[in-house]
Amino acid sequence: MFMVNAKDIYPIPEAVDSRDRKWKIQTTERKSPRVYLKQSLLMVPLDGSPQSRLTRNHELGHIRWSPPKPHVAAIRNKLDMDVLQATEDMRVNTKLADVGVDTSSGSISEGVIKAYAEDLLKSGNLRNIILVMVAVQGQGANEEVIREKFSKDPVAAKAIQIADMAKKIMWDKGVSPRFKDTIRTAKWLQALLDSAAPPESMKLPKNMQPTKSYKDHLEGLLKMLQGFGTGRRATRKVPWGKMRVETPPRTHKVEGYLGKGRIASEEGVIPRSPHRLLVDGRVFSRVRRQHGGSVLIDCSGSMSLTTEDLQKILKHSPGAVVAAYSGNTSDGVLRVLAQDGRQVKDEFVAAPAGGANVIDKPALDWLSKQAKPRVWVCDGQVTGIGDRQSALNTLECEALCRQRGMVRRDNVGSAVELLRQLDRRKR
Amino acid sequence: MSKKSVERTCWDVVDAVLSLCNRVLLYGPCGTGKTHCAAKLGLNNGQRVFSLTLTEETPAAELRGHYVLKGGTYTWQDGPAVAAWRCGGRLVVNEIQRGGPDVHALLLAITDDPNIAELDLPSGEKVRPQPGFCCVATMNGDPKEALDPALQDRFPISINIDKVHPDAIKQLPEDVQKAAEKTALIDNEERRISIRAWYAFAQLRTKLMKQYTQVEAQKLAAEAVFNSRAQDALDALAIGASQEG
């Protein structure tokens with residue numbers, strides 16, 4: 001039987017490195033291996049256990065396959081470093097198995113990985129759960145343990161689906177993936193994580209809070225992504241068309257207010273502006289109706305909106321900024337229909353361009369700069385130039401909505417219902 | 001014609017100058033083929049080679065020559081240095097930095113300028129180097145640190161051998177060539193894997209493949225040669241064989 005020496009087992013980075021570098025190797029714990037390509041320093045465990053060997057091989061994989069400055073790639077592609085790192089770890093793990101390295105043992109012992117999985121589930125941080133599930137793909141026993149633990153939790157089970165899809169995207173071409181495939185997959189994952197982020201910072205009015213549970217929201221996203229598959233439509237973003245803003249004269253006056261604001265007052269319960277005590281004594285404030293709110297209407301063919309539908313929305317958005325948009329093949333027009341309590345003539349209340357979307361994201365960027373509350377009337381089908389769809393485009397719009405507190409309503413009926421509720425808000 | 005200059009290695013320099021110089025020092029990490037090169041490359045027609053590896057205990061007499069008892073009488077026996085002088089041969093001194101003070105003193109005389117070099121032997125004979133004589137010394141490490149300055153001055157042409165000789169690499173199977181070339185030059189002795197070890201691995205693997213499958217033969221050969229590093233070595237070969245990026 002082959003005997004393992006008690007002394008340190010050194011990996012051979014020189015054998016995998018295409019450059020002539022003098023490598024320094026330092027021993028470290030199994031949980032914190034590192035490779036510093038610039039300094040040619042490899043920090044890995046040097047004992048004879050199969051887990052330590054896989055850890056060493058994983059780092060050798062980085063030396064062979066990863067670029068020396070991944071953070072530059074992350075910045076250039078607008079990716080979070082942890083997303084890129086998890087995706088690259090998945091690529092290295094799966095590539096190791098592909099070249100014939102035994103990855104069945106995993107790189108962490110069973111007890112430790114179980115405790116780690118339980119801690120993750122307790123924390124409830126879905127982003128971390130997803131990233132760990134992605135990073136552990138291809139890690140043999142470790143992957144099995146995490147899968148088993150996560151599959152029992154309804155939300156974490158979605159992380160398994162996401163990681164499986166990420167792996168499919170990575171290996172979609174059927175050949176051993178390269179770093180550009182990591183970028184492609186990481187972009188997809190980043191878009192998904194952004195659009196699945198919990199709406200913490202939205203500060204939406206009560207009646208605009210998401211009605212779907214987080215799990216349902218994620219399920220909806222996954223369903224949509226499955227529809228796009230794992231090929232080009234899933235990972236290749238279609239460029240957005242050029243948007244032109246059209247502001248016809250607003251000749252009609254509209255009565256009413258949708259927005260609200262605060263005005264300083266001498267009476268109240270909670271002092272909001274104590275500094276005013278010495279100025280005018282109006283340290284309290286009260287809510288009052290005022291011009292505000294904004295509504296963006298998708299007038300593409302898939303929405304099948306009539307002039308009456310648009311009039312209906314305008315009627316229920318008094319004092320708000322209302323705009324409609326639609327696109328041609330490579331550009332589109334956003335037309336402001338109402339603003340500052342005034343509205344355009346009826347002849348302008350129609351789709352401002354062709355029947356395509358093309359400018360959804362530029363239009364949303366416009367909406368994100370308008371007054372709150374922000375409502376987007378759209379069926380969720382977004383397209384870029386050539387009226388082409390892509391999962392990344394859809395996720396980008398979804399993420400922007402969540403980040404900038406914009407609420408989407410699928411059809412005129414539900415949009416009008418929401419606008420009515422906003423109109424009825426207590427002062 | 002391409003403007004890109006061809007990258008020249010130390011071995012190209014050695015090939016070009018070895019036959020033209022009478023005192024050359026080759027230094028660098030062990031296992032790169034310095035000794036092989038000193039004994040085999042750049043020999044002029046029929047030039048004889050006399051080799052000696054120095055240790056701390058090597059006496060100067062072994063280099064110069066001494067009396068030996070033959071048939072009841074003492075007869076003079078030339079050492080490699082004097083023998084090389086007499087026939088205009090090549091003297092190869094391995095591990096030159098290891099020699100003691102008396103050896104170094106003799107080497108100073110041996111490697112003196114050929115026009116003035118002269119040695120009085122204990123037999124009373126006076127010898128001078130014949131045309132064609134040359135001395136090629138080899139050593140590990142840096143001569144500036146390990147060699148006496150006077151002796152260092154005797155070797156104005158000293159070439160740092162920082163690459164394994166391409167012929168030694170060519171003898172290995174293609175799948176281990178790159179790994180062997182790099183691991184043979186690792187400074188850390190614990191980590192270094194010599195060309196000889198890779199060669200032994202490749203030979204054994206080929207022989208074992210007659211009885212075992214390729215995977216088994218490879219594993220057995222690795223375990224025999226690399227011991228506890230066997231699996232790491234095989235994994236590194238597998239990773240290194242894949243496409244970069």
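Proteins come first, then strands; the chains are lettered A, B, ... in the order of their sequence lines, and each starts at number 1.
Counting all heavy atoms, side chain and backbone alike, A:Asp20 lies closest to B:Lys163 at OD2-NZ, 3.9 Å. The shortest heavy-atom contact between A:Leu60 and B:Ala236 is CD1-CB, 4.1 Å.
Taken from CG in B:Asp232 to CZ in A:Arg53, the straight-line distance is 6.0 Å, to the nearest 0.5 Å. Atom NE2 in A:His58 sits 10.5 Å away from atom CD1 in B:Ile239 (nearest 0.5 Å).
Listed for the B:Lys182 side chain is no donor-acceptor partner under 3.5 Å among the backbone atoms of A:Ile12.
Contacts of A:Lys95 with chain B are made by side-chain atoms alone, with heavy-atom separations under 4.5 Å and no backbone atom involved. Using a 4.5 Å cut-off between heavy atoms, B:Ile193 contacts chain A through its side chain alone, with no backbone atom that close. There is no contact between A:Ile63 and chain B, counting heavy-atom distances below 4.5 Å. With a threshold of 4.5 angstrom between heavy atoms, A:Arg178 approaches chain B through its backbone and through its side chain. Both the backbone and the side chain of A:Pro11 come within contact range of chain B, each with at least one heavy atom under 4.5 Å from a heavy atom of that chain. Using a 4.5 Å cut-off between heavy atoms, A:Ser66 does not touch chain B at all. Heavy atoms closer than 4.5 Å to chain A are found in both the backbone and the side chain of B:Gln243.
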Could you walk me through whether A:Arg64 and B:Ser242 pass the side chain to side chain contact (heavy atoms under 4.5 Å, CB included) check?
-> CA-CA 8 Å; A:Arg64 181 76 185 157; B:Ser242 67; 4.0 Å; yes
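Other residues, nucleotides and ligands place more than 12 heavy atoms under 6.0 Å from the CZ atom of A:Arg127. The 12-atom threshold is exceeded at CD of A:Gln39, counting heavy atoms of other residues, nucleotides or ligands nearer than 6.0 Å. For B:Tyr212, the OH atom counts as loosely surrounded, since its 6.0 Å shell holds 12 or fewer non-hydrogen atoms of other residues, nucleotides or ligands.
With respect to B:Asp235, the side-chain contact (heavy atoms from CB on, under 4.5 Å) criterion is satisfied by exactly one of A:Val101, A:Leu54, A:Asp102: A:Val101.
We find that B:Arg191 and A:Glu14 are joined by a salt bridge, their nearest charged nitrogen and carboxylate oxygen being less than 4.0 Å apart.
For chain B, the option among A:Arg91, A:Lys24, A:Lys180 with the highest count of heavy-atom pairs below 4.5 Å is A:Arg91. When the candidates B:Ile186, B:Asn188, B:Thr183 are compared by the number of heavy-atom contacts under 4.5 Å with chain A, B:Ile186 comes out ahead.
Counting heavy atoms from C-beta outward, B:Glu244 and A:Trp65 have side chains that stay 4.5 Å or more apart.
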